[in-house]
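Every heavy atom of this structure was used, including side-chain atoms; hydrogens, water molecules and symmetry mates were not. Both counts, for ligands and for their atoms, begin at 1 and track the order of listing.
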Amino acid sequence: MITLAIETSCDETGVAVVESNADYRHKVLTNTTATQLKTHAPYGGVVPTLAAREHTKNLPVVTEKTLNTFFESKKTKEIDRIAYTNEPGLPPALLSGRIFAKSLGLAWNKPALPVNHMDGHLYSFLLDPTLEDKDDIFPMVALIVSGGHTQLYVLEDLRTKRILGQTTDDAAGEAFDKVGRLLGLPYPGGPAIEKASEKGDPQAFAFPRPMLDKANYDFSFAGLKTAVLYTVRELEKDNKAIKNKLQADLAASFQEAVLDVLVKKTSRATHEFSASSVVLAGGVAANKTLRSRLQKELEQLAPQPHFFIPPFEFCTDNASMIGVAAYFADIDDRG
Ligand code: KG4
Ligand code: ZN
């Protein structure tokens with residue numbers, strides 16, 4: 001099954017061709033992501049109407065390039081279907097992808113399947129080319145941390161999942177982006193905070209660990225963001241400039257607080273559900289400290305669960321993950 005996948009939920013225009021042959025056999029034949037970072041950077045966040053305009057401009061160019069690469073490498077194969085992100089995301093941005101995908105479907109007489117973006121993140125670990133067929137990985141706990149969502153799932157198998165908890169306010173990535181702005185770091189805040197943290201002391205500021213001790217799997221990061229805001233205001237009142245070591249200490253202390261909550265709650269769920277494996281995915285999963293801290297935490301559990309992370313380039317938004325999720329989406333052409 002060859003899927004042309006289209007992702008336009010936020011600020012990345014993604015087009016990919018993915019070959020899916022079995023549950024654990026998905027191959028990215030070609031993947032292109034055109035980022036709109038420069039368009040949105042001056043606004044400190046993504047502007048939905050600008051995102052839609054850029055997607056509409058980029059989609060034909062990126063699709064042509066992706067298809068050319070595909071047809072050159074696989075002369076005998078043809079596209080079986082189209083998959084596009086239908087939710088969640090920025091409505092104008094989603095609409096541009098949907099219209100494009102539907103039009104291609106009509107022109108080629110192929111189905112255009114709507115796919116959930118969070119399912120895309122969830123199944124992105126299957127894009128790891130070193131992954132082998134596994135029969136001992138369920139129950140599975142999955143932590144999906146993106147700019148718009150923080151979700152913890154338990155899966156009985158690849159098609160049966162239940163949500164354990166999610167954010168009650170800001171998502172983890174959103175908190176990184178907002179705190180990045182507070183600290184005067186460039187957009188997006190996640191990678192900038194990670195970089196700044198390398199030179200900072202994670203114990204320098206004792207920020208709160210929201211919901212850490214609550215006996216549920218929900219998350220809340222708005223209070224933590226406000227705590228950073230008040231700290232920054234106090235420091236500025238004392239004429240301290242938020243830069244260099246101070247900026248790094250604030251970044252590292254904030255990152256530590258977020259990671260403490262994510263790692264502990266995931267580990268607790270793994271233990272409670274006797275999970276045989278853990279998946280970490282979504283844009284924030286690109287954070288190396290999160291990856292290594294969760295890995296270390298899981299190594300403490302007995303028996304030690306398998307730990308799956310998508311390849312680095314498939315953590316943040318991309319179309320390949322939409323192609324994989326289409327394989328698991330039990331849907332007709334109803335989008
Ligand atoms: O999954 P994604 O690409 O888009 C959404 O579906 O929202 O996630 C984007 C989020 C942004 O908030 C960005 O700051 C965050 O992922 N992010 C990171 C890192 N790289 C991206 N957060 C922390 N550390 C990173 N290295
Ligand atoms: Zn995403």
Side-chain angles (χ1 to χ4, degrees), residues 5-14 16 31 33-37 40-41 44-46 48 51 55 84-91 93-94 97 115-125 127 142-151 166-167 169-183 185-198 200 202 219 221 224-225 251-252 254-263 279-294 309-325:
I6 291 169
E7 155 62 35
T8 64
S9 67
C10 194
D11 58 347
E12 314 281 359
T13 312
N31 181 82
T33 309
T35 183
Q36 304 177 3
L37 220 75
H40 302 287
V46 181
H55 287 313
Y84 66 94
T85 306
N86 74 324
E87 61 172 0
L90 304 170
L94 289 167
V115 171
N116 182 285
H117 182 81
M118 302 313 291
D119 284 351
H121 281 304
L122 172 62
Y123 293 117
S124 60
F125 77 98
L127 292 168
L143 174 69
I144 317 294
V145 265
S146 72
H149 296 79
T150 306
Q151 300 178 327
Q166 56 191 320
T167 181
D169 42 54
D170 290 358
E174 190 179 355
F176 268 97
D177 293 337
K178 287 178 176 168
V179 169
R181 215 176 309 159
L182 281 176
L183 301 184
L185 291 165
Y187 178 83
I193 286 182
E194 177 172 27
K195 187 152 185 288
S197 297
E198 285 166 14
F219 301 90
F221 294 109
L224 169 58
K225 173 199 65 194
F254 162 77
Q255 177 173 278
E256 185 79 352
V258 176
L259 300 199
D260 270 357
V261 178
L262 295 175
V263 168
V279 167
L280 169 67
V284 183
N287 187 292
K288 291 186 205 77
T289 316
L290 172 58
R291 292 160 91 106
S292 66
R293 278 203 49 193
L294 187 53
I309 324 179
F312 193 76
E313 71 267 34
F314 298 125
C315 286
T316 46
D317 290 348
N318 64 87
S320 292
M321 68 183 198
I322 301 302
V324 178

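Considering only non-hydrogen protein atoms, atom 26 (N) of ligand 1 sits nearest to Glu194 OE1, 2.7 Å. For atom 20 (N) of ligand 1, the nearest non-hydrogen atom of the protein is Gly283 O, 3.5 Å. The nearest heavy-atom contact from the protein to atom 24 (N) of ligand 1 is Asn287 ND2, 3.0 Å. Nearest protein heavy-atom contact of atom 3 (O) of ligand 1 is Asp317 N, 2.9 Å. Counting only heavy atoms of the protein, atom 12 (O) of ligand 1 lies nearest to Asp177 OD2, 2.7 Å.
Remark: side-chain polar atoms of Thr150 are not paired, donor with acceptor, to backbone N or O of Gln166 under 3.5 angstrom. Of the possible polar contacts, none joining the Thr85 side chain to the Glu87 backbone as a donor-acceptor pair under 3.5 Å is found. Distance alone, capped at 3.5 Å, places no donor-acceptor pair between the Arg181 side chain and the Tyr187 backbone. Side chain of Asp11 to main chain of Gln36: no donor-acceptor pair is present (N/O by atom type, distance under 3.5 Å, no hydrogens or angles).
Contacts between His117 and ligand 1 below 4.0 angstrom, taking non-hydrogen atoms only, involve the side chain exclusively.
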Between Leu280 and Ile144, is a side chain to side chain contact (heavy atoms under 4.5 Å, CB included) present by the stated rule, with each step listed? CA-CA 6 Å; Leu280 169 67; Ile144 317 294; over 6 Å; no
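Ligand 1 is never approached by Lys288 to a heavy-atom distance shorter than 4.0 Å. Residue Met118 places no heavy atom under 4.0 Å from ligand 1.
Near His121, meaning under 4.0 Å from one of its heavy atoms, ligand 1 places the atoms 1 (O), 6 (O). The distance from ligand 1 to the heavy atoms of Ala286 drops below 4.0 Å at these ligand atoms: 20 (N), 26 (N). In the vicinity of Gly148, heavy-atom distances shorter than 4.0 Å reach the ligand 1 atoms 7 (O). Near Gly173, with a cut-off below 4.0 Å to any heavy atom, the atoms of ligand 1 are 12 (O).
For the atom pair Glu7 CD and Asn31 CG, the distance stands at 10.5 Å (nearest 0.5 Å). We find the CG-CG distance between Leu143 and Leu294 to be 7.0 Å, quoted to the nearest 0.5 Å. A distance of 10.0 Å separates OG of Ser124 from CG of Asp317, quoted to the nearest 0.5 Å.
Salt-bridge check for Glu198 with Lys288: failed, with every basic side-chain N at 4.0 Å or more from each acidic carboxylate O.
Looking at His121, its N, O or S atom nearest to the Zn ion (ligand 2) turns out to be NE2. The N, O or S atom of Asp317 with the smallest distance to the Zn ion (ligand 2) is OD1.
Comparing Gly14, Pro191, Ala171, Gly147 against atom 10 (C) of ligand 1, the shortest heavy-atom distance belongs to Gly147.
Not a single N, O or S atom of Cys10, from either the backbone or the side chain, sits less than 2.8 Å from the Zn ion (ligand 2).
When only interatomic distances are considered, the shortest N/O to N/O separation between Gly190 and ligand 1 falls below 3.5 Å.
Aromatic ring centroids of Phe176 and Phe221 lie 6.0 Å or more apart.
Side-chain atoms of Asn318 and Thr33 include no donor-acceptor pair closer than 3.5 Å.
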